[in-house]
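The block underneath contains the structure these notes are about, expressed in structure tokens.
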Amino acid sequence: MAPRKIIIDTDPGQDDAFAILFALGSPEDLEVLALTASAGNTPLAVTARNARQLLELAGRPDIPLFAGCPRPMVRPLITAEYVHGETGLDGCDLPPPRIAVQAEHAVPFLIRTLMDAPEGEITVCTLGPMTNLAMAMVMEPRIVPRIREVVLMGGGFFEGGNITAAAEFNIFVDPHAAHVVFGSGVKLTMVPIDCTYKARMTRQWIARLRGLGNRTGLQAAGMGEFYQRYGNTKFATADYPLHDPCVIGYLLAPQLFGGRDCYVAIETTSPETLGMTVVDWWGVTKRPPNCRVLRDLDSPAFYELMLERLARLP
Ligand code: RIB
Ligand code: CA
């Protein structure tokens with residue numbers, strides 16, 4: 001089987017970094033066509049820098065990075081330096097990137113690439129606010145049936161939210177973008193915090209990562225240790241979930257995940273529940289499902305696979 005072609009839309013962020021490295025360590029399964037930077041964990045200039053640093057860390061300066069929209073479609077940008085640090089990748093020590101940001105904006109890049117590729121060839125993975133993909137869908141609706149699948153990290157249901165009581169960060173930052181994507185009819189798989197909270201990164205795993213002896217392991221271990229410090233104040237254990245690599249793990253090993261097809265709506269008006277993913281898990285609305293919602297995860301197997309793939313990088 002030829003590797004699956006993917007575009008990763010990302011706001012690095014330590015967990016985005018693990019996802020990107022996980023994908024780049026799996027070239028026999030995934031062909032990363034490009035990264036597109038979104039504004040989310042940090043402003044766009046920072047996420048665009050971080051994405052290039054990660055491409056160079058993985059020895060893949062050949063993969064292009066396109067910068068996207070600097071703010072959500074309607075709301076003002078909010079960021080999460082309190083989780084990721086001022087650099088967005090605190091915990092690692094990477095040199096300034098040598099590769100340049102592509103001159104083309106990420107939104108026309110997405111449109112051009114999806115229109116030129118054979119129908120159903122490209123999977124879009126969104127790891128941050130979905131502004132770039134939503135803007136592309138608004139500008140050129142014909143891309144929707146051409147996308148093989150959108151796999152997004154975002155949302156929550158029984159777990160509630162992580163930025164408000166009701167909303168998860170990626171959806172909350174740009175709820176209107178999520179509304180566009182969830183209403184587009186695209187084949188959609190959602191990896192919410194209900195699933196990613198089960199992807200608990202342990203101190204033992206970080207020690208094994210550091211022990212790989214490659215530069216990727218050292219830098220990723222530094223990011224993991226920084227990222228865990230925030231978690232120590234949020235979860236009862238020192239183990240902290242890595243959200244975004246679950247998207248890549250699902251593409252590589254879907255058998256490790258479980259979920260069901262549901263109707264999902266996005267709240268875009270209520271001040272209390274703005275950005276909430278209203279997941280009809282029990283099918284009470286009788287509305288046809290528009291999304292596969294993942295909830296279960298074999299976390300030990302997931303982390304073994306990720307370690308094995310990160311070990312392959314420089
Ligand atoms: O809520 C977790 C999500 O928000 C992750 O994608 C993290 O990187 C942040 O973007
Ligand atoms: Ca992210």
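The structure presented is a predicted model; accordingly, all values stated were derived computationally and were not measured. All ligand and atom numbering here is 1-based and tracks the order in the structure.
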Taking the Ca ion (ligand 2) as the centre, how many protein N/O/S atoms fall inside a distance shorter than 3.0 Å?
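There are 5 of them.
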
Flag the pair [X] and [Y] as a salt bridge only when some basic side-chain nitrogen lies within less than 4.0 angstrom of an acidic carboxylate oxygen.
X	Y	value
E56	R60	no
E104	R112	yes
R148	E119	no
D261	R292	yes

For each nitrogen or oxygen atom of ligand 1, which protein N/O atoms lie closer than 3.5 Å, and how far apart are they, rounded to 0.1 Å?
residue, atom, partner, partner atom, Å
ligand 1, 1 (O), N162, ND2, 2.8
ligand 1, 1 (O), E168, OE2, 2.6
ligand 1, 4 (O), N170, OD1, 3.2
ligand 1, 6 (O), L127, O, 2.8
ligand 1, 6 (O), N170, ND2, 3.0
ligand 1, 6 (O), D244, OD1, 2.6
ligand 1, 6 (O), D244, OD2, 3.0
ligand 1, 8 (O), D15, OD1, 2.6
ligand 1, 8 (O), D15, OD2, 3.2
ligand 1, 8 (O), D16, OD1, 2.9
ligand 1, 8 (O), N41, ND2, 3.0
ligand 1, 8 (O), D244, OD2, 3.1
ligand 1, 10 (O), D11, OD1, 3.4
ligand 1, 10 (O), D11, OD2, 3.1
ligand 1, 10 (O), N41, OD1, 3.2
ligand 1, 10 (O), N41, ND2, 3.3
ligand 1, 10 (O), N170, OD1, 2.8

Do D174 and T131 get their side chains close enough for a donor-acceptor pair, meaning under 3.5 Å?
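The criterion, which ignores hydrogens and geometry beyond distance, is satisfied for T131 and D174.
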
At their closest point, which heavy atom of W281 faces which heavy atom of R260, and how far apart are they?
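In this case the closest contact between W281 and R260 is O-NH1, 2.7 Å.
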
Does anything in residues 119-154 form a ring pair (Phe, Tyr, Trp, His ring centres under 6.0 Å)? List the pairs, not counting sequence neighbours.
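The answer is none; no pair qualifies.
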
Residues in side-chain hydrogen bond (donor to acceptor under 3.5 Å, both in side chains) contact with Q255, at least two apart in sequence or another chain
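Q255 satisfies side-chain hydrogen bond (donor to acceptor under 3.5 Å, both in side chains) with no other residue.
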
For the CG atom on D62, are there more than 12 heavy atoms of other groups (residues, nucleotides or ligands in this structure) within a distance under 6.0 Å?
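Yes - once you tally the heavy atoms of other residues, nucleotides and ligands closer than 6.0 Å, there are more than 12.
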
